[in-house]
Structure formats: structure tokens, C-alpha cells
Amino acid sequence: MGVRFILCFNKQGVVRLVRWFAVNDNSTEPQEEISQIYRLISSRDHKHQCNFFEFSDDTKLVYKRYAGLYFVMGIDITDEEPIYPSHIHLFVEVLDAFFGNVCELDIVFNFYKVYMVMDEMFLGGEIQEVSKDVLLERLSFTDRLE
Amino acid sequence: MERRKTFTESNASNTGSNIKGLQLFIADLRASQQSEEQMKRIHSEIVKIKQHFNASNSKKKSTNGRLLKNDKYDGYQRKKYVAKLTYIYITSNTTMLNDILFGLDEVIELIKSNTFSEKFMGYMTIELLYRHKTVVDKINDAVVTQLIKDISSSNDDFTALGLNFVGVTGSLTKELALNSDLVSEVFQILRSPTSALHLKKKSTLAFLTLLKSENSILADDIKRKQLWIQRILSLLDDTDNYRLTLTTLPLVEYIAKNIDPSYFTRLVPQLSDILYRCIVASTSTTGRTSFPDEYNFANMPNPWLITKIVSLLNVLIISPSETEDTNALFESSLIHTDNIDSETLGKLRVCVMEAINLGTRRTADPMEKIVQNTILFSLINFASKLDPSHEAIVNSATALCDLLNSTDINVRYLALDSLIRLCTFSGKTAFDSIRGKNLELIFHILSSERDSSIIRKVVDLLYTFTDVDNVKTIVEQLLNFILTSRHLSDSHIKSDIAIKVAILTENYSTDPSWYVTISLKILSLGVNTSVKDEEIWIRLCQIVVNNPQLQTLTCQKLLEYLQSNQTSEYIVKVAAFLIGEHANLILDIASVPDLFNMFTEKYFKVQNSTKSMILTTMVQLYKTQSDIGSAVIKFYQLELNSLDIELQTRSYEYLKLIQVSKMSQNMKILDVLFQPLPPFNAKSNPLLKRLGSLPVGAFSSTTALTTSRSKSSSTILNNMKNDNSDNSMNAITTEGGSQGSDTISAPRPPPARKMRSSSTFNDMINKDSMVESKYSDLRMSNGWREGYSRMLQFKQGVLSTASPLLKILYRVTKIDPTSIEITLTFINQTEWEISSLTSEIIASRTNNNPEYFLQNVQPPESPSIKAHSKIEQKFQIVIRKPFSSDESPIVSVYFKCGGSMNTLNLKLGVGVTSTLASNGAVTLAQFIKRWKTLSDAMGKEGEYQSQNISFGQSTNDNDVGSNVSKLTNVVLRMGFDVVDQTTLSQTIFLAGIVHTKSDGNFGCLLKLACLDNGKLNITCKTTTGGTLAQNIVESIVYAIKK
């Protein structure tokens, strides 16, 4: 039930963000899992192939590429996929508004702030807040805290 | 997101929370192009950080306590260095975990800091590292101590960080969920009316992660379960902006799925209402929408709220097709589609229609399109549950098939996924409407799509609706696909398809030779698939060994394959196994020396595991015809030099065997060692384990399939059995009578992997007992007896005034002889609004042939009641069998008023006497005659006596006359016929007929004797045995005693 992990990596496969909400049942090491996902997704054609992939016995992938960055969500195999592209898109929109025209460098240099955004949006594998206004107000507050 | 900014401009949110040292380090790393150079930079940084941490630690030790001034500087440094380590951890794809673990103690220092940004950095880092068990083991104690402090802190921002930590890591380790202090702290935030909204949201999800780790937090303590679930339910009372609702729904869904759904079925009208307002009211052009605008997303209704509500409704509502499933423990706590009141059902249906309208609206905005699809698919998947009619299913199927032509590949994928759900859920009706018109289209997708995700779905869909009639077409298409597809590089898919084809062939073929042909064809593809699909050939061997009539045919076919040189590894294996076993069956077309030569030739082209099989085949050939002895011996001698120990050993052993048999001049030893194989008795097809990637929707999905499959599965084998009824092998195979074929075939339904609900409920001991326990666990509110007693006598009146805030009235109407309708009116007695009102009618039993059925007609019209206003609720009760007053239904009402939360549990005055009907006036003579007849016929059977019953409040009133007249009034109101007589002034004679739906109608006769001491004796005779007489007496006692 819900998001099992959130991943973000660039075209070269360098991980930019990673967040686990659940541990996989098999004993695959995280780095092995991440590289498998990178190899899989980077090899997929983004015009002729869909944004969903059944990855393992417990996980489906929903992903989307924004310029040079892939945003990937691993979701429970029993979940229905349709809502998750909206999850990803909202996340990117909020990042965009927060950083002001976000680019990969923002995420590189301010990775901890991106986690701050993620914390306000996703918790326990579920979406926590969907109103952009509310999110941005809250984020500008926490960002200013010493 | 282009790389158009330089580092200096990149910090767009420049708020002083930036860490310069970190950014320089990152810039440095980015400047070095060679990865070697980067590693060098990283390692030198790690050394520097280690030195710094060591230095600051020793400084701290030496200047113990005197360092306060530098704390701020130290904190910043610590944050900076930890951030660098975290950056290294993330960008190294977690591989450098061990290089950074030295910093753990400093991370712990960070979470202890009183500066937000430092605490944040600390928690953020541990949230990442908690994925690794080694880290949890090292620091969990320290983390939890600080965590509890932070969550209970008066600083909301610290509380938020603490809750966030639990929400991220609560399911990564059980440690957090096992700490009861932590659990209560988290729950404290959730329940407290003073917690800030954003903290409540975090606490619901944090609590969810803890619960996911340990169901026992709620499941093991029934008091806590009731109490906490009430608190959680009250969070749904957030009708202003639904923000809290959004995070509470997943929690509710989890509890309903995994712990106890019975608390939540009453939410169905409320949830449907939100859904309706969200989808229909908010999009209506006529304005006057009560739904917050900001919750529209991409010009569409809030898809998150919609999917969450639909998902929960899917759990709470059970459809007729699911009911047919044998899973009885499921049913009792869930609400049946036909038991949803018509208003709610109507709203839900309008939602489905509106979602389809919205889904087909034209739009250029890609985001709007995504949201449209989300809502559309979510509700289409739900629709089959609401309306399982033939027409509705056909409509859904048609709509989804249309979407298969969409130009958007994601839509095609989701449409296929929904079709699979529909098929598994709705069975044959769905199959037929899809197969009828769209089979060609689906085959076309199979051959034209290049996306392995889509191909998988197509294959799953085809697999789902294959049956005896279309198995040949579908299998041929699938095989053809494996052979010809050039798009696919994914070998897993080919192997998946091969396995599915193998299962379909086995399950549905009615033609044994076709079965063998196809199975061998799949195996001959082994060359292409390169994946080890051992199961397929093993399964084929099992079936052939168990079915003698297949043996000759299979061996002949195998021979053809061997001769044609198109032999895959698997074909050789099967051939080695089966021809070795049954060589005698094909001697007319191939001599033993021919076979020997053929296997010798193959021997050098196959892998060692196959070679060792061939070695065994050789000795079996020798056993069949011993004059090939010298060639066989030569062959083994050659293999004595094999580098492979297994081949060497086998060769040596078989060589010795042949020598021994030659010396003793008989084959006895070989006959003993190589007896014909006994039939395999693997109960299930091992291939079915390999169906992993077939996600089937609802658990019941498999109902239709299960039956159709298990019936048809045996077709092939049943046919065989008839053909060969005199075969002795078959006699063994079919051990156990007509079920015999199951020993080998017994295919399972497609294994529904971690289905929507099946697995989740497995853990529950017994659903029914759970409901019963809920019924018996409820503590009645004070003064319930008064309303109960009243309701046994009067058609309408006051049910309860137990709460000064809410008064409840009732009205009972008879619908037909065995059912009554009850209307409850809730009246707000206060100056404030009553909110979150839910009311649930709870039966003592709901399955296993219960005594009465409850049917909701209309739930409380709204969850809130304005000051001095009222709302109504209606439901019907069908009395099926006699039942005790202790089993009367309970109404459980929950509401909030002015900040207080209230629960009322009231027993409804419904008993066997509720369906009492008179049979016209009875004279004393008639009464006595009937009494005697009953006594003659039944004896003491069906009689019940109760003596010395005190007369309620008027115990001190010994005026027998007034007691008699009071009593007469009570029983008249209850519906008894009172015999008009003056002969015995202290005795009342009653007659009546009790109506029940299942057990029929029963006459009853009663004698009520008022004693001089103010007490009462009652004797009741009924026309049936059992407890009816006692039930009637109890009802009367309840009615007269308040």
C-alpha cells in the first residue's frame, strides 16, 4: 500500500534523491536495486513506452523524465497506478515554484532543501498535502528557520 | 529543467539557510571530470571531517562545560560536515555507506541540537540511513530517546521533525513500533484537539507507518482499539478543506483492510457524499459549489481525494460476485452493495457517470489529461462493484476497449490493466464482451507494441480470458509472438509467456495430441529464450508419465525433434527422460541402436546436467535391449575421464551395474533399479508459482476463473481417463475416484499475488467472531432499558434521553408480517451544531444463518445537525428466526458537540414479539381447548415458565387489581390477544402468532398469574420446540420492568 520509495537520478545514473518508506522483501542491496532501476528506465524509450513498469514481486515503478532528471516512484504492486504521475508532477511543480524555475543544479546544491519539500509532501508512503499554496507557505517558513 | 544556471545563481531560495562550505565542496566535485579525481577529493574530505570531529570531541572533553560560547559555531560546522557526508552517501548510490558511518555520533548530536536547521539535517540524514539495519542497531536507542523528547516538545517545529522521522522510518524497522512510549506520543498529537493541523496530518501518517510495522498496536487491545479508532474517525470531520481527511483516509483504509473493518462501514454514506461533492458538485457549471476551489487540480476535481475515497469504498463495500466467494469471514463486517441505501448508491453512480464525462472531455493540457485518466480509471474500476449488472459490465468493457485505441501509450497501458481487473472481477460477462469484438485488436496490440510493460499486460489479459473454446487461437498467437517478435529484447517476457502458454495448454486443451505438440513446441523455443525454465519440461514429463495414453505419442514427437536437429536443451532433457523410460513404445519406428546413436550425438552438444540425464538414458536403453552392451560400456569408459564429478560418478556406477548384470547373466538388478516410474503426485502445477507478474484485481476476481478453470482443467485428463479406463497405470493415477485427475493437474486459480484483500484478512482469526465480539463488547449507555422497554410496546416514542445534547426518537412501521421499518430521529437539544454524527446498527450476528437481517434504507441525512434541528435515519429488520432479547440489534451513535465527543450505545426494542399478530378474539373456552391440545401434542416441549417476577417499579404496590390492569395494557400494546374473561380475576390469558421469515409462524399461548405479593408467574406454550417460549417471556419481562 502506497509509495515504497522515491528516487531521482540524472541521465548518467548519478543519484540525486532517494527516500525509502518500505524495505523490500528480498535481500537485494539498495545500491543493486537502484542501479537495476537506472539501467531499466534509462533504456526505455520515452515516446513509445509507457511510464509504468512492473519491477519486482512487490514493486511497480511509475516514473517521468523532466529534462535530464528521472523522477521515479516505487509503489506497491497492488496499488492502482493512475494517481502516481500526478504525485510526481505535483512534486516537480512545487520544486519549480520553490526554487524559481528549478534545474538540476538546484537539486544538486540544495539537496537537503529538496528533502524538506519532500517531507512536506510525502510521508508514510502517502501524499500529505496537495495544495501548492499551503506547501509553499509552509516551506518558506521552515526554510527561514535558523 | 535545463542546466542553464551557474552555481552562483542556483540558490534561488536564498534565505540564509545555505551552507557555503557544502556548496564549495559540491562545486569542487563537479569541477573534477575524472571519477578518480572525484574519489580522491571525497576521500581527502572524509579525512578532514574525521580530524575535525575528533578534535572537537577532545576539545569538549578537556574544556568540559566551558565551551558554551562556541556551541553555535560548532553546531554549524557539524551540520556542514554531516551534510557533506550525506551528499557523498546519496551520490555514491549508497555504496559509500561504510565510509561515512564514523559520523553517526555527530549526527546524533545534531538531532539533539536546539537549532532547527541542525536538527533537520540530523533527522534527514538518519531518515536516509535507517534503510540499513546496521545503522538502526547502532543508534536506535539514542534516536528514540531524542525522538520522544522532540515529539512531545512544546516547539511545534521540533514536533514536526520528530513526527516526520517516524513517518519516514516507521516501517523500515519494527523498533519504533515496538516502543509503546513513542506510539502514545505520536497518537497524543493525533487525538489532541489543540494540535496544529499540519502536525495532525503528520501524526496520522506517522501512526500509519507504526501500524504497518505492528498491527498489534491496535489489534491486541480491544479497549484501545475502540477508543483510538473513534479518535481517528473524528478526524474525518474536516469538511472545511479536507486536508486532514486526505491523510486520514489511508490510515482508515489500512485499519479496515488489516485490523477491523467493522467500525468503518458506517462511513459509506459520508464518503459517498464527499465524493459526490468533489466530482459532481465542484464541476457543475451552475455554481453554488460548496467545495473548496483550491482543491481543484489542473482544472479537474482533486484526484487525490477521489482516489483515496474510492480506494476505501472498494475495501468497505462487498459486491454480490464477491459474496459468492466462499470467504465468509469477509462478508460479515463489510457492507453489501444491495444494502447501501438508494440515495448513496445513486450518488455513487452519478459520480461514475460524471467521471466518464470528465474523462472524455477534450483538453490540450497534459496535466489535465493525466488527472482525467486518474479519475476515469479509478471510478471505472470501482463501477463493476457498484453495479454488477450485465449491461454495466458490457458498458465498462466497451469503454475500456475504446481506450485501447488511444494515442497516449499510458492510457493504453492503464486501459489494459483495468480490463484485467474487470475480467478477474466480473468473469464471463466481461470475457465475452471483450473477446467478442476486440480479440483482433488485442492481438494487433500484441504484435505492434514495442513496450514490454504493455506486452505483459496484453499477455495477462489474454491469459485471464482464455477458456476451452479459444485456447487454441490464443496459444497460437502467443507462440507466434515469441517466435517472430523483433521488438522485444526482454527475455523475461518470453519466458513468462512460455510459462503461461504451458499452463493454458494444460488447463484447457481437450485434445491430448495438441497438448503434447504445443508443449514440445514451447520447449523447442528454449534456444531462443535462454532463460532457465526448468519447470515446463519437468511438468510435461510428470504429465506424460502419469498418463500412459500420451506416452507413445510424445515419444514419437520427440523422436521427430531429435531427428530434425532443431533440438533445444529442454527437448533433449525431455527426450532423455521419456524415451529412456518408454523406449519400448517406439521400437517400431526406431531401434535401440538408433536411439543410442542419436543420444550419443546429442551428448556432446549439451550441458552437463543434461549429459548426466543421458547417461541414465543409456543404461535404460541397455536394459531394453542388452546387445548394445559393448557400445554402452565403451561410452561409459570414455566418460570415466570426465572432468565433471557427477558425470564421472554416474558413468562409473552404471558401468559397474552393467558388469554385474553381465556376470550374473541376468538383468534382475537393472529391472529392480529401473522399474517404471510411479505416477507423480505433485498436487499443484509448479508453473503456477511462476505467474508472479499477473496482478489480479480484487480477491474474488478469481471466483469465476477458479470454477471455470478447475472444471475445464480436467477436461483433457478426464477424457483420457475415459479412453483408458482399463489401464492399470491409470488406476494408480486416478486414485481417489473421480477426483483422481487432480493428483496431477489440480490447477490452482491464477495465484492472486498479495491481492487487494485476500491476504490481508487471512490473519484474522474469524471475522464472524469479531463482529460478535464487537456486539458483546459494546457497553450500553445509561438508561437504555427505558427506551428498550418502551420500544417493545409502543409504535413510536423516545428511545433515549441519555445524552442532554442529543435526543433520539423512534418510529416502528410494519412492512410485512416478518419485517419492520424503524425510523430514528436525532434531535439536537443544544445551541451549538452537532457534527460528525454517524450511527451504525449492529446485529448480534450477520452470517451463518442469522436470526434477523438489517437493511439500511437511509443513513442519517447529514453528519451534522444544526441547533434545535433534527435529522432522520431509516432501516429495516427482517426477523428470520426466534431470538433472545439479549440479541436485539444495537444502535451505536457517535457525535461531536462543542468539542466533546460522545458515544451512545442503545439496544433497540426489537424482539420476537415485534412481529406478533393477532388471530382474532379468543374466548376462554377456546383458550383452554388450545392449551390442552398443545399440552397433549407437545408435552413440556415448547413450554417455558418464569416465576416470582417482580413487577418493575411497583414492587411495593401490592394492589393485585391495579397490577392486572397495568399488565393487561402492556401486553395489549405488545400485540397479544387478551382473552376476555372475568372468571379468574388475577390471571391474564394471552394468545398470539409470532411471524418469522425462515422458520415460519408459530402460535403461542400465555398464562400470566398475578400473585398477592405483587409478583408474577408466567407460563408460555408455543407450537414449536426450542427457545421461542423463553424468548417471548423474556420480552414481556423486559417490557414490564423498566
Side-chain angles (χ1 to χ4, degrees), chain A residues 1-2 14-23 30-31 34-35 48-54 57 66-69 77-78 80-83 85-86 89 98-106 108-113 115-116 119 123-124 126-131 133 138 142-146, chain B residues 1-5 7 10-13 15 17 23 26 83 87 90-91 93-95 115-117 121 124 131 157 164 167-168 171-172 198 201-202 205-206 208-209 247 250 254 294 297 303-304 307 367 370-371 373-374 377-378 381 409-410 413-414 450-451 453-454 456 692-693 695 754 756:
Chain A
M1 207 171 129
V14 182
V15 178
R16 289 299 172 210
L17 296 170
V18 54
R19 160 74 82 227
W20 285 286
F21 289 114
V23 190
Q31 67 256 33
I34 296 174
S35 8
H48 298 292
Q49 300 194 311
C50 63
N51 297 105
F52 309 103
F53 194 87
E54 283 182 11
D57 283 348
Y66 291 86
L69 283 183
I77 198 86
T78 56
E80 293 185 16
E81 293 100 328
I83 190 67
S86 308
H89 191 81
F98 178 65
F99 286 104
N101 226 342
V102 71
C103 69
E104 187 180 344
L105 283 184
D106 291 317
V108 172
F109 284 104
N110 297 295
F111 69 95
Y112 56 97
K113 291 189 185 177
Y115 276 102
M116 197 182 269
D119 284 349
L123 197 60
E126 301 290 342
I127 194 140
Q128 189 188 167
E129 178 56 63
V130 298
S131 159
D133 297 343
R138 171 82 193 149
T142 48
D143 191 32
R144 255 184 244 118
L145 284 174
E146 194 184 330
Chain B
M1 211 180 284
E2 288 151 20
R3 297 156 174 260
R4 64 199 134 59
K5 294 184 188 175
F7 152 55
S10 75
N11 33 14
S13 69
T15 52
S17 62
Q23 307 206 318
I26 296 174
Y87 182 82
I90 297 173
T91 50
N93 180 5
T94 78
T95 51
T115 306
F116 178 83
S117 65
M121 189 65 76
M124 184 200 91
R131 168 69 174 76
D157 299 318
N164 197 74
V168 173
S171 298
L172 296 178
H198 76 278
K201 286 193 306 180
K202 279 198 191 293
L205 295 175
L208 170 63
T209 60
T247 59
Y254 183 83
E294 62 169 309
F297 184 74
W304 289 281
T307 46
M367 196 57 219
I370 291 177
V371 178
N373 292 331
T374 307
F377 286 111
S378 169
N381 291 345
I409 186 151
N410 286 325
Y413 176 87
L414 295 173
R450 294 190 208 169
D451 180 359
S453 291
I454 299 241
R456 262 175 219 272
S693 70
K754 291 188 197 152
R756 190 168 291 267

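Proteins get letters first, then strands, A, B, ... in listed order; numbering begins at 1 in each.
Under the rule for a side chain to side chain donor-acceptor pair (under 3.5 Å), the partners of B:Thr247 that lie at least two apart in sequence or sit in another chain are B:Thr204. Taking B:Ser453 as the reference, A:Arg44, A:Cys50, A:Phe53, B:Tyr413, B:Asp451 meet the side chain to side chain contact (heavy atoms under 4.5 Å, CB included) condition, with sequence neighbours excluded.
For A:Ser86 against B:Met367, the heavy-atom pair with the smallest separation is CA-CE, 3.7 Å. The minimum heavy-atom distance between A:Glu54 and A:Ile77, with the atom names listed, is CG-CD1, 4.4 Å.
Counting heavy atoms from C-beta on, the side chains of B:Asn93 and A:Ser35 come closer than 4.5 Å. A:Asp143 is listed as a side-chain neighbour of A:Phe98, based on a closest heavy-atom distance under 4.5 Å.
Between chain A and the options B:Ile454, B:Leu414, B:Thr209, the largest number of non-hydrogen pairs under 4.5 Å is found for B:Leu414. For the set A:Val15, A:Thr142, A:Val108, the count of heavy-atom pairs under 4.5 angstrom toward chain B peaks at A:Val15. In terms of heavy-atom pairs under 4.5 Å with chain A, the best-connected choice from B:Val371, B:Asn373, B:Asn381 is B:Asn381. Ranking B:Asn164, B:Asp157, B:Ile370, B:Thr94 against chain A, the residue ahead of the rest is B:Asn164, based on heavy-atom pairs under 4.5 Å. Chain A forms the most heavy-atom pairs under 4.5 Å with one residue out of B:Phe116, B:Tyr87, B:Trp304, and that residue is B:Trp304. The candidate with the highest count of non-hydrogen atom pairs below 4.5 Å against chain B, out of A:Glu81, A:His48, A:Arg19, is A:Arg19.
Residue B:Leu172 touches chain A through both its backbone and its side chain, counting heavy-atom pairs closer than 4.5 Å. For B:Leu208, the part sitting under 4.5 Å from any heavy atom of chain A is the side chain, from C-beta outward, and nothing else. Both the backbone and the side chain of B:Thr91 come within contact range of chain A, with heavy atoms under 4.5 Å apart.
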After noting the C-alpha distance and the side-chain angles of A:Glu129 and B:Lys201, does the key distance pass the salt bridge (charged side-chain N to carboxylate O under 4.0 Å, His left out) rule? CA-CA 9 Å; A:Glu129 178 56 63; B:Lys201 286 193 306 180; 2.5 Å; yes
